[in-house]
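Working notes, beginning with the structure itself.
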Protein chains: 2
Amino acid sequence: MKIDPKNKADLSAQIAKAIRDAIISGDMIVDERLPSESELADQFDVSRPTVREALKRLAAQNLIRTQRGATGGAFVRRLSYDEAYAQQITTSTLLLSMNAVDFETACEARFALERACAPLSAQRRTPDHLATMRAEIHRQAQPGLSDERFCDSDVAFHRALVDGANNPVLSYQLAGAVEAMQPLMNMITFTQRNRDVIIGLHTRIADALEMQNSADADEALAELTAYTLTLGEEAMEARARR
Amino acid sequence: MKIDPKNKADLSAQIAKAIRDAIISGDMIVDERLPSESELADQFDVSRPTVREALKRLAAQNLIRTQRGATGGAFVRRLSYDEAYAQQITTSTLLLSMNAVDFETACEARFALERACAPLSAQRRTPDHLATMRAEIHRQAQPGLSDERFCDSDVAFHRALVDGANNPVLSYQLAGAVEAMQPLMNMITFTQRNRDVIIGLHTRIADALEMQNSADADEALAELTAYTLTLGEEAMEARARR
DNA sequence: TGGGACTAAAATGTCAGACAATTAAACGCG
DNA sequence: CGCGTTTAATTGTCTGACATTTTAGTCCCA
């Protein structure tokens with residue numbers, strides 16, 4: 001890790017990469033303390049601010065945490081699921097918004113992934129998951145709910161579905177896909193009639209999962225996919241006309 | 001975005017957050033130039049090194065790029081699919097390695113996601129995708145191939161499967177799941193007999209996709225899942241005995 | 001001998017000013 | 001008009017310093 005060629009370009013990036021590689025390769029384990037900034041500066045033969053910039057890069061990726069004081073310093077950080085979620089959501093959201101991903105593509109991806117969870121969720125969902133789904137369905141039926149709140153509840157419902165598969169890796173992968181869709185979903189205006197259809201399908205999904213009937217769940221999800229796609233198309237047309 | 005309370009803690013983190021929020025919310029569009037470091041320092045009433053640390057954080061997340069020279073500066077960066085892939089793979093790999101995710105969980109997640117792609121891939125795969133799969137199958141059958149190369153080829157095969165769905169969002173989501181599995185897969189020793197079984201299933205999958213028979217593809221993937229899980233268990237037992 | 005307050009040290013966080021390197025635009029000259 | 005030169009703007013880096021935070025140790029006193 002102590003290597004650093006005489007490339008005069010982007011010193012701080014090179015240092016960050018060297019340290020990052022050491023962490024990823026497992027040379028540095030969780031909670032291990034990095035050398036102090038001054039020591040690193042000596043090792044890499046650069047100034048302290050340069051080292052600091054490198055450390056900030058790593059901190060931005062949640063790879064290290066810093067702590068002040070006598071026994072302080074930079075420590076290799078355990079990446080938690082929550083942080084990984086958050087990072088993935090940020091990345092996915094940006095990717096979708098910056099690359100003009102169309103509604104159809106994003107929607108298709110989202111529901112394809114959710115349908116992958118349904119069989120597992122039908123097997124393993126706990127009463128807790130079912131209760132969450134029922135609660136969100138109830139919330140979605142409340143009159144006067146704003147479109148945004150409706151979407152929030154929709155996300156929470158699907159999140160419960162995914163979590164029901166009891167596979168944290170799957171939950172992590174899907175968090176990005178589902179939440180990143182939100183800005184796109186928020187462009188849709190949900191009429192009462194739209195909501196009734198969606199609530200009906202949600203109820204069918206929850207029922208199917210409760211009965212551990214994965215075929216039914218899959219069918220309802222397929223219908224929900226198709227219906228959401230229709231709504232999206234309508235919303236796009238409405239936007240185009242405006 | 002110009003807000004910055006008198007919290008004396010973590011100035012650079014606050015500044016980074018302010019700018020990041022401006023980008024994510026869409027206040028700053030792609031390729032828009034940020035104020036120069038000196039101007040930002042004035043605006044936030046901090047020194048230039050502090051601003052620089054904040055900018056490095058953003059650069060680490062691929063949110064901005066910097067350019068030197070007269071018309072240089074920091075620009076909002078378009079996040080490309082490739083960069084998003086890379087970021088996701090890094091995050092996923094770290095998450096799996098740091099949180100001791102067991103083989104079973106990761107494997108289940110990976111194949112569940114792949115099975116979600118199979119129906120779409122059966123519909124849309126191009127001759128190119130099929131050719132890639134066939135080529136990788138051929139490579140896997142070569143005698144004397146190291147375990148690591150075999151895994152590489154396996155990843156390439158599945159990558160082609162996923163890309164066949166012709167949905168970049170799906171490809172992006174799955175890249176992390178599949179590639180992050182590699183360190184775990186690399187712990188397995190693939191005997192010739194193991195390889196033969198896997199190659200047989202790969203061939204079945206490729207055949208099914210060529211015939212646009214998604215049911216067959218799904219079945220073969222299910223068998224591959226089960227078989228990979230078995231191999232994983234054996235590898236874990238072998239490790240435990242050692 | 002024990003405990004509490006004080007001090008010192010180590011580390012990060014921040015600042016100020018300076019210089020180098022790079023790039024593009026402005027300028028001037030043939 | 002075109003091409004080379006200068007110049008200005010901007011990032012990249014360095015040096016040195018001070019502020020802040022936290023821990024460890026020391027010293028004094030009961």
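What you see below is based on every heavy atom in this structure, not just the backbone, and it leaves out hydrogens, waters and symmetry mates. A, B, ... follow the sequence lines: proteins, then strands. Residue 1 opens every chain.
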Quiz item: What nucleotide among C:dG13, C:dC15, D:dT13 has an atom nearest to a side-chain atom of B:Asp10?
Solution: C:dG13

Quiz prompt | Out of C:dG13, C:dA16, D:dT13, whichever nucleotide has its closest atom nearest the side chain of A:Ser12 | solution =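 Among C:dG13, C:dA16, D:dT13, the one nearest the side chain of A:Ser12 is D:dT13.
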
Self-check item: Greater than 12 external heavy atoms within 6.0 Å of B:Glu148's CD
Solution: no

Practice problem: Check the side chains of B:Gln182 and B:Asp154 for a donor-acceptor pair under 3.5 angstrom, ignoring hydrogens and angles. | Solution: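 B:Gln182 and B:Asp154 do not have a side-chain donor-acceptor pair below 3.5 Å.
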
Exercise. Using only side-chain N and O atoms of B:Arg52, determine if any of them is under 4.0 Å from OP1 or OP2 of D:dG12.
Key: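 For B:Arg52, the contact criterion (side-chain N or O under 4.0 Å from OP1 or OP2 of D:dG12) is met.
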
Quiz item: Should A:Thr66 be listed as having a side-chain N or O under 4.0 Å from OP1 or OP2 of C:dG13?
Solution: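 A:Thr66 to C:dG13 OP1/OP2: side-chain N or O found under 4.0 Å.
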
Quiz prompt | Taking every non-hydrogen atom, the tightest pair across A:Ser153 and A:Glu136 | solution =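 So the minimum-distance heavy-atom pair works out to OG-OE1, 2.7 Å.
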
Without decimals, in angstroms, what is the distance between [X] [atom1] and [N] [atom2]?
X: A:Leu40; N: D:dC14; atom1: CG; atom2: C1'; answer: 17 Å
X: A:Lys56; N: D:dT13; atom1: NZ; atom2: C1'; answer: 18 Å
X: A:Arg48; N: C:dG17; atom1: CZ; atom2: P; answer: 19 Å
X: B:Glu53; N: D:dG12; atom1: CD; atom2: P; answer: 13 Å
X: A:Asp45; N: D:dT15; atom1: CG; atom2: C1'; answer: 14 Å

Quiz prompt | Per-nucleotide protein contact string for nucleotides 3-11 of chain C (B base, S sugar-phosphate only, - none; heavy atom under 4.0 Å) | solution = -------BS

Quiz item: Below 4.0 angstrom, N of the basic side chain to O of the carboxylate: do A:Glu83 and A:Arg65 qualify?
Solution: no

Quiz item: Quick one: does B:Val76's side chain get under 4.5 Å of B:Ile29's, heavy atoms only?
Solution: no

Practice problem: Keeping to residues at least two apart or across chains, list the salt bridge (charged side-chain N to carboxylate O under 4.0 Å, His left out) pairs with something in residues 163-174 of chain B. | Solution: B:Arg159-B:Asp163

